[in-house]
There are 2 protein chains.
Amino acid sequence: MIRVLIADDQHLVRGAIAALLNLEDDLNVVAECADGDEVAAALATHPADVALLDIQMLRLDGLQVAEQLRSTHPEVKVLILTTFDRPGYFRQAFEAGASGFLVKDAPPAELIAAIRKIHAGNKVVDPKRAMLSVESKRNPLTEREREILEHAATGAPVSHIAASVHLSTGTVRNHLSNAIGKTNTANRIEAARRAKQMGWL
Amino acid sequence: MIRVLIADDQHLVRGAIAALLNLEDDLNVVAECADGDEVAAALATHPADVALLDIQMLRLDGLQVAEQLRSTHPEVKVLILTTFDRPGYFRQAFEAGASGFLVKDAPPAELIAAIRKIHAGNKVVDPKRAMLSVESKRNPLTEREREILEHAATGAPVSHIAASVHLSTGTVRNHLSNAIGKTNTANRIEAARRAKQMGWL
DNA sequence: ACCTACGCATGACAGTTGTCATGGCTTCAA
DNA sequence: TTGAAGCCATGACAACTGTCATGCGTAGGT
């Protein structure tokens, strides 16, 4: 019997996936978490073999949880789930110690198969995605550029960004200009979009 | 036995919800659709009592399908499902003839209860959301403003927008300026975000 | 027929943004 | 120690953006 933990911020999806998995004779959902920061506590009372972690969670995202589990619960295998298939996620997932990576667009049978494979000690890798990942480069943005780009994504003018980061407007514009260059885009908005898409943000 | 159709572009979520519903003795998932434009065909071969429609679908979204079903299959009750709880969606759902509206964040039991209520001829309304909806105004944007704002959301410069809409740059800027005014924001980016949030886009 | 709302367009002005050159400061590795 | 890389800052220029006044045409409603 494979014990499964599910972490996903959408209650309905979480419950539905649990129902799906419990239909399998060899799978048993032992815990459900609405956010990443509940995972550790859940594992303490409900030990699991495989953790299904959604990337998009409010307080602590799936990648961070995976990173955490690697040291605190190395016996728990991690399968990262995500709604959006961004190139950077794939690499980040495995860097964080995950054993598998699956998009929510995949057929249910694939999820079930993936859980079994992972439990058996194998990695679950989509060849197509793996190829893409090789091409996608590592985050070229500096800490500051990331920080400022995040503010820019909200549409805030330079003056606001500068104020909230405690920098001069000139410096902010320099950082933005750098980010625009590195993302190969034409303005801060596209830069922010691209960076997010690449998983750099 | 209540026959249910599910339309959601994420295969895993679709299948999982189906599994969840099939656990109930009085519910039976008779069809699954990956996009809104498959619903009509599915209903032709698999008549259903209740249609679960996700708003976010690529080719034909849940609201459009609801609108369509109102005339072509008035006997099918519609329950709109959505990931994002935007004020405008709620109103739009009922304007499109839906019998219920549920966020994917709701507990699974609530979905099941909602389906039964709807099948019994009742409307499913979350009181909190209904209150919000009263306050939220109807879309004040004109067709053109919407169209241009959508382009602006991608970060494209005015010149690009103008080219792809076949207008002069001056006109585009006027439309944007109007949209910015109507959304009570400071620039096109914030305007686009606000409009999306309000369900105006 | 008249008013209103919408779409389209220009031109002009001020403000914001992207780029560049340049310089000073720190940290880290060769 | 020297150099590279990052961070911060100025100042200046060109380009882009938001606003406003003004005008014309078309459709809808009264």
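So that the names make sense, note that chain A is the first sequence line, chain B the second, and so on, each numbered from 1.
Counting to the nearest Å, the P atom of C:dG7 and the CG atom of B:Leu141 are 10 Å from each other. Distance, B:Arg173 CZ to D:dC16 C1': 8 Å, rounded to whole Å. One can place NE2 of A:His175 at 15 Å from C1' of C:dG18, the figure rounded to the nearest angstrom. We find that CD1 of A:Ile161 is positioned 8 Å from P of C:dT17, with the value rounded to whole Å. Atom CD in B:Glu145 sits about 11 Å away from atom P in C:dC8, given to the nearest Å. If you take CG of A:Asn178 and P of D:dA9, they are 14 Å apart, rounded to a whole angstrom. Taking atom CD of residue A:Glu190 and atom P of nucleotide D:dT17, one finds them 11 Å apart after rounding to whole Å. Look at CZ on A:Arg188: it is 11 Å from P on D:dT17, rounded to the nearest Å.
OP1 or OP2 of D:dA5 has not a single side-chain nitrogen or oxygen of A:Thr142 nearer than 4.0 Å. Using a 4.0 Å cut-off, no side-chain N or O of B:Ser177 falls inside it from OP1 or OP2 of D:dT17. The side chain of A:Thr171 contributes no N or O atom lying less than 4.0 Å from OP1 or OP2 of D:dC7. Checking the phosphate oxygens (OP1, OP2) of C:dT16, no side-chain nitrogen or oxygen of A:Ser159 falls inside 4.0 Å.
In this structure, the side chains of B:Glu110 and A:Leu12 stay at 4.5 Å or more apart for every pair of heavy atoms. Contact check for B:Thr82 versus B:Phe101: side-chain heavy atoms found under the 4.5 Å cut-off.
The overall bend of the helix from C:dA1-D:dT30 to C:dA30-D:dT1, read as the angle between its terminal helix axes built from five base pairs each, is 40° when rounded to 10 degrees.
No more than 12 heavy atoms of other residues, nucleotides or ligands sit less than 6.0 Å from atom NE2 of B:His160. Residue A:Lys196 places its NZ atom among 12 or fewer non-hydrogen atoms of other residues, nucleotides or ligands, all under 6.0 Å distant.
When each of D:dG18, C:dC8, D:dA9 is scored by its nearest atom to the side-chain atoms of A:Leu167, the top-ranked nucleotide is D:dA9. Checked against D:dA9, D:dG18, D:dC20, the side chain of A:Asn174 finds its nearest nucleotide in D:dA9. If you check D:dC8, D:dG18, C:dG7 against the side chain of A:Arg144, the one that comes closest is D:dC8.
Between B:Leu52 and B:Ile17, the shortest heavy-atom distance links the atoms CD2-CG2, 4.1 Å. The shortest non-hydrogen separation linking B:Leu111 to B:Leu102 is CA-CD2, 3.5 Å.
If B:Glu143 and A:Pro157 are placed on DNA chain C by their nearest nucleotide, the residue sitting closer to the 5' end is B:Glu143.
Taking 4.0 Å as the cut-off between side-chain N and carboxylate O, B:Arg59 and B:Asp9 do not count as a salt-bridged pair.
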